[in-house]
There are 2 protein chains.
Amino acid sequence: MTRPVTSTDVARRAGVSQSAVSRAFSQGASIAPETRRKVLEAAAELNYRPNRIPAIMLSGRSRMVGVVVGGLSNPFYASTLECLATSLRAAGLQILLVHVDDALTLDSALDQLLSYRVDAVVTALAIGSQRAARMLSDLAIPVICFNSRLTGPWISTVVSNNHAAGLTAAQVFESCGVTRPAWLAGPVRNAASRARGHGFIAGVRANSARWPDGVLEMRGDDSYESGYDAIRRLLARGERPDGLFSSNDLMACGAMDALRQHGSLNCPDNVVMMGYDNIPQAGWHAYGLTSFDQQVDCLVDAATQLLDAALGPDGGPVSRTRVVDARLVTRRSTARLI
Amino acid sequence: MTRPVTSTDVARRAGVSQSAVSRAFSQGASIAPETRRKVLEAAAELNYRPNRIPAIMLSGRSRMVGVVVGGLSNPFYASTLECLATSLRAAGLQILLVHVDDALTLDSALDQLLSYRVDAVVTALAIGSQRAARMLSDLAIPVICFNSRLTGPWISTVVSNNHAAGLTAAQVFESCGVTRPAWLAGPVRNAASRARGHGFIAGVRANSARWPDGVLEMRGDDSYESGYDAIRRLLARGERPDGLFSSNDLMACGAMDALRQHGSLNCPDNVVMMGYDNIPQAGWHAYGLTSFDQQVDCLVDAATQLLDAALGPDGGPVSRTRVVDARLVTRRSTARLI
DNA sequence: ATGATTATTGCATAGCTATGCACAGCTATG
DNA sequence: CATAGCTGTGCATAGCTATGCAATAATCAT
């Protein structure tokens, strides 16, 4: 193991002081161009690169952000993470990634993140977050949540306009001539799913002349399999909805496959279907699923802005909410006119 | 902004020295149980948690691993990352995540990682890596690659047995009575794809009595769309393969959809099809795609072991390769007997 | 009881960089 | 020519914890 190259090594080689080396690498520091050139040359020869660790101690800012994810097998979360990574890097922030299965992992994961002195935490989890959020608040660590309803002095939130999208779904169903609307919810703890359901059910109730029986409700766990199973059980019970709004695309894909497999029903002829997230699979030809695009770019932009604000020099407790409208992407699954 | 709580604060409150606080939090340090109890109590009251940053300076080890990913929209990479995150966390390592689009990003990303003094780098990228790998080698940073053929004194590799799988695919095609085998390759720079293709073509050539015309070859870029387009163009040219081995599942799904859409051909009656990765979508009912499972768990386990070895106290340049056999998962797309 | 051994604790320091401060050298102005 | 102002440089230090070492206390053996 060779000792890593320090700024002092570079200074010696360039014939300057260690301070000069530091200044050569800090933007906007007071240093003569010629000196900087010498330093950079010596640095290149020694393969030196600045060490941010002592800077963290001095400044108290690590420029690392803890990102807590779960369920990357949902393409929506995967692409959100991808987008977030790009955006944070552009903002000069590093990502300390934690994957979480359960609440227990979350707590220990947070301890780890805090040991590394992350400046903030970004999460798309609802799971067990209320307590964790309080812990972070106590430590004055800004938190940015996606699609969650956590509250607290240091917590900011970016949400899709879930309720409005639910209403829109009901309108689309009306224009497709749906007579028996159904709603496939996500897990109870998923706040975004609840909001979508509330919006949809409100939209259906508002049209009780057309839909006196209201909404047929099912529940899944946001996975493909749970969507498939929910519909399989529904068909086995003899129910025959002709319009299905699913809380996310994964379940919608499962549901569509179950309709074909167990009911020989297809979209849009027998059932009109809508999902949420607009994952790539929704656009695959086997599905052609109409979906609400959460506009990940916008969500992530908003998150990064909130983050910047929270990490700004003022440093008071920031607690803001940004709502991003979902964009309806129409495909074959709703291509039916009355 | 309240000043963060330091070990000295805790020491003062607990009536002990700062050293005692440090020892209370280090496993196996020499400290009386009673003293530890007092310290932990004071720490809890003050909401203190150990700060790893100074420890990084002292030990020279950050216990952070740079993870470089690209193409998270491929569910295979997403689940690999998920699995890797779990495994590294169990090994007590943190993940500093970097998402990379192009070679330029890669270089600057590596600079960032190195500034944060990561102990090692894990990557699943082939893109522009040879130069980057040399840079890391110069700095004596261990590198673990997935499915790549990079070499160097500090570089270890975990690969799926791509060539063997290609041979197997040819055998499966034989037992399905395929008469016109086709190969859908990934991008040229993808070493894993090349190996799969070599294996498959070798398997077909070894059976030249049955397949005198060899393999019909196409190329995509590993995306669903490229698989779809490749088959659409193929059908437009009037070609009619009856067995298709795709370098990955995403392209296979696209290919299957194109067969249905543009040729009214279905699997397995008209075309037998195999993919690679065994992504969840391969198991979806709309596809039922036979695929080679890379056994992500095993790959990641191997990677973590290599990492542990590379981070061990001996610390010499480690350069090993671990090969994991792919497991054939048979589904509808090859359910055809002669 | 006494010396030897062990267990526990505190002191002092290293680890590397960014930055305030003072100073040196130089330019411009009167 | 003297002075003021400006630029660039080096010195010294802070930031927080882990750990070697010495000292102290406690336990044990003889």
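Because only heavy atoms are used, hydrogens play no part in the values below, and waters and symmetry mates are left out as well, while side chains stay in. Here is how names work: the chains are called A, B, and so on, in the same order as the sequence lines, proteins then strands, and each is numbered from 1.
If you check D:dG8, D:dG10, C:dT9 against the side chain of B:A32, the one that comes closest is C:dT9. You'll find that the side chain of B:I31 is closest to C:dT9, out of C:dT9, D:dA14, C:dA14. Side-chain atoms of A:P54 lie closest to C:dC16 of the nucleotides D:dC16, D:dG8, C:dC16. The side chain of A:R23 lies closest to C:dT19 when the candidates are C:dT17, C:dT19, C:dG10. Comparing C:dT19, C:dT9, C:dG10 by their nearest atom to the side chain of A:S19 picks out C:dT19. For A:S17, counting side-chain heavy atoms from C-beta on, the closest listed nucleotide (D:dA18, D:dC11, C:dC16) is D:dC11. Listed nucleotides D:dT9, D:dG15, D:dA12 differ in distance to A:L58; the shortest reach to its side chain belongs to D:dG15.
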* Pair pattern of DNA chain D in dot-bracket, where unpaired bases get dots and | marks partners in another strand, Watson-Crick or G-U under 3.5 angstrom -> ||||||||||||||||||||||||||||||
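Atom P of nucleotide C:dT17 and atom CZ of A:R12 are separated by 12 Å, given to the nearest angstrom. Between the P atom of D:dG15 and the CG atom of A:N51 lies a distance of 19 Å, rounded to the nearest Å. Put simply, CD1 on B:I53 is 12 Å from P on D:dC16, counting in whole angstrom units. For B:D9 and D:dG15, the CG to C1' distance is 13 Å, given to the nearest whole Å. A straight line from CZ of B:R117 to P of C:dG15 spans 15 Å, rounded to a whole angstrom. Here the P atom of nucleotide D:dA18 and the CZ atom of B:F25 are 10 Å apart, to the nearest Å. The distance between atom CZ of B:R36 and atom C1' of C:dT9, rounded to the nearest whole Å, is 14 Å. Look at NZ on B:K38: it is 13 Å from P on C:dT8, rounded to the nearest Å.
For B:E41 and B:K38, the salt-bridge test fails: no basic side-chain N is under 4.0 Å from an acidic carboxylate O.
A donor-acceptor contact shorter than 3.5 Å links the side chain of B:Y116 to the backbone of A:S62. For A:D119 (side chain) and A:R63 (main-chain N/O), a donor-acceptor pair under 3.5 Å exists by modelled atom type. Checked by atom type and distance alone, the side chain of A:S156 pairs as donor or acceptor with a backbone atom of A:R320 at under 3.5 Å.
Atom CZ of B:R149 is surrounded by 12 or fewer heavy atoms from other residues, nucleotides or ligands within 6.0 Å.
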* Evaluate the criterion side-chain contact (heavy atoms from CB on, under 4.5 Å) for residue pair A:C83 and A:V300; output intermediate values, then yes/no. => CA-CA 7 Å; A:C83 189; A:V300 166; 3.9 Å; yes
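When heavy atoms are screened at a 4.0 angstrom cut-off, B:S22 is found touching base atoms of the nucleic acid. Residue A:V16 is in sugar-phosphate contact alone, with no base atom involved, counting any heavy-atom pair closer than 4.0 Å across all strands shown.
Residue-to-nucleotide proximity on DNA chain C shows that, of B:M57 and B:Q18, the 5′-proximal contact is made by B:Q18. Map B:T35 and B:A55 each onto its nearest nucleotide of DNA chain C; the residue landing nearer the 5' end is B:T35.
For A:S22 and A:S7, the side-chain atoms include no donor-acceptor pair closer than 3.5 Å.
A:Y77 and A:F146 have their aromatic ring centers separated by at least 6.0 angstrom.
Judged by distance alone with a 3.5 Å cut-off, no donor-acceptor contact links the side chain of B:R3 to the base of D:dG15.
Taking only side-chain nitrogens and oxygens, A:Y48 comes nearer than 4.0 Å to OP1 or OP2 of C:dT17.
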